[in-house]
Amino acid sequence: MKRYFITGLLIWVPLVITGWVLSMIVSTLDQSLRLMPASVHPENLVGFPIPGAGAVLTLVMILLTGLLAANFIGQKLVVWWEMLLARIPVVNSVYNSVKQVSDTLFSPNGNAFRKAVLVRYPHQNSWTIAFLTGQPGGDVINHLDGDYVSVYVPTTPNPTSGFFLMMPAKDVVELEMTVDEALKYIISMGVVAPPPHARITTNT
């Protein structure tokens, strides 16, 4: 009985958690319906609410915004909008900080989270998986002796929180592991280990 119960649990737990997460995401995106007049809400048009209608509206708004910002007039509007925000105290600092992070994370040419690495953390006798995010900049480089890299060490099982570290490049080991595989490994607390990748060696 115990074996059957655990087998059933292993089937239902991922399904329930997946459904719960998707429900939260759809419910959050559905809030975009509040931007529309009440007369065009699904419950007023068809007589009952349609789950996910707001999510579709959100995706359409994002696509239209991207389409508008991709042309010359849209780019001018974006520049004008950012100049307007730059004149508002507090809002300016928050917006610029968030924009820099989002540009780094979502830009196709960005280097954020493009490589999984192995680092010694939190002490010299233990190792953990981290993500290479770039190199130190600003006045920081004037106080570091040698070649350093910036890494992000995520926490388990929530990789959205973690620690930003600057470490000597010689102490960082690049892994033959994709970012997705590393994230699964971290979220599962080491239970879901990725398959080993064969290293390519060259004979000299």
Side-chain angles (χ1 to χ4, degrees), residues 6-7 9-29 62 85 90-204:
I6 293 177
T7 301
L9 198 63
L10 292 176
I11 293 175
W12 277 105
V13 167
L15 289 175
V16 171
I17 293 178
T18 301
W20 175 67
V21 171
L22 291 177
S23 177
M24 288 185 59
I25 294 175
V26 172
S27 298
T28 301
L29 295 179
I62 294 174
L85 292 178
V90 181
V91 174
N92 175 34
S93 58
V94 174
Y95 176 79
N96 286 336
S97 299
V98 174
K99 190 175 188 304
Q100 288 177 0
V101 173
S102 62
D103 287 347
T104 302
L105 292 178
F106 299 115
S107 173
N109 299 323
N111 295 320
F113 300 99
R114 295 305 176 96
K115 192 69 179 177
V117 296
L118 198 63
V119 298
R120 293 185 182 273
Y121 184 84
H123 53 77
Q124 287 296 314
N125 295 325
S126 65
W127 293 83
T128 190
I129 294 175
F131 297 104
L132 192 64
T133 61
Q135 294 179 331
D139 185 49
V140 173
I141 59 177
N142 298 324
H143 302 276
L144 299 177
D145 186 17
D147 186 16
Y148 276 71
V149 295
S150 300
V151 299
Y152 172 72
V153 179
T155 55
T156 302
N158 178 19
T160 59
S161 64
F163 304 93
F164 164 62
L165 305 174
M166 288 169 280
M167 311 182 69
K170 62 182 179 62
D171 294 336
V172 175
V173 180
E174 293 191 4
L175 296 174
E176 295 294 332
M177 181 186 302
T178 66
V179 172
D180 289 339
E181 289 175 339
L183 284 173
K184 291 178 183 178
Y185 200 17
I186 294 167
I187 294 173
S188 67
M189 296 173 285
V191 175
V192 183
H197 292 265
R199 284 186 172 272
I200 301 176
T201 57
T202 56
N203 296 325
T204 56

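Quick note: numbers below take in every heavy atom, side chains included, and nothing from hydrogens, waters or symmetry partners. The first residue in the sequence is number 1, and the count goes up from there.
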Passes side chain to side chain contact (heavy atoms under 4.5 Å, CB included), Leu165 versus Val153? Steps please. CA-CA 7 Å; Leu165 305 174; Val153 179; 3.6 Å; yes
Show every side chain to side chain donor-acceptor pair (under 3.5 Å) that has at least one partner inside residues 137-152, sequence neighbours left out. Asp139-Asn142, Asp139-His143
Minimum side-chain heavy-atom gap Val119-Trp127 below 4.5 Å: no
Sorted by chain and number, sequence neighbours left out, side chain to side chain contact (heavy atoms under 4.5 Å, CB included) with Ile25 holds for Val21, Leu29
Nearest heavy-atom neighbours spanning Pro159 and Leu183: CB-CD2, 4.0 Å
Is there a side-chain contact between Met166 and Val140 (heavy atoms, below 4.5 Å)? yes
What are the two closest heavy atoms between Pro154 and Ala130, and how far apart are they? CD-CA, 4.2 Å
List for me each residue that meets side-chain hydrogen bond (donor to acceptor under 3.5 Å, both in side chains) alongside Asn92, sequence neighbours excluded, and say none if there are none. Asn96
Is any side-chain heavy atom of Val151 less than 4.5 Å from a side-chain heavy atom of Val117? yes
Would you check if the side chain of Thr28 reaches a backbone N or O of Met24 as a donor-acceptor pair within less than 3.5 Å? yes
Contacts of Val13 meeting side chain to side chain contact (heavy atoms under 4.5 Å, CB included) (sequence neighbours excluded), chain-then-number -> Leu9, Ile17
Ring pair (Phe, Tyr, Trp, His ring centres under 6.0 Å) filter on Tyr121, not counting sequence neighbours, yields Phe163
Quick one: does Leu175's side chain get under 4.5 Å of Glu181's, heavy atoms only? no
How close do Arg120 and Met167 get, heavy atom to heavy atom, and via which atoms? O-CE, 3.9 Å
The single option from Val192, Thr156, Asn158, Thr128 passing side-chain contact (heavy atoms from CB on, under 4.5 Å) against Ile186: Thr156
Restricting to non-hydrogen atoms, name the atom on Ile11 and the atom on Pro14 that form the minimum distance, rounded to 0.1 Å. O-CD, 3.6 Å
Partners of Thr155 by side-chain hydrogen bond (donor to acceptor under 3.5 Å, both in side chains), sequence neighbours excluded? Ser161
How far apart are the C-alpha atoms of Leu132 and Val149, what are their side-chain angles, what is the distance that settles it, and do they pass the side chain to side chain contact (heavy atoms under 4.5 Å, CB included) test? CA-CA 7 Å; Leu132 192 64; Val149 295; 3.8 Å; yes
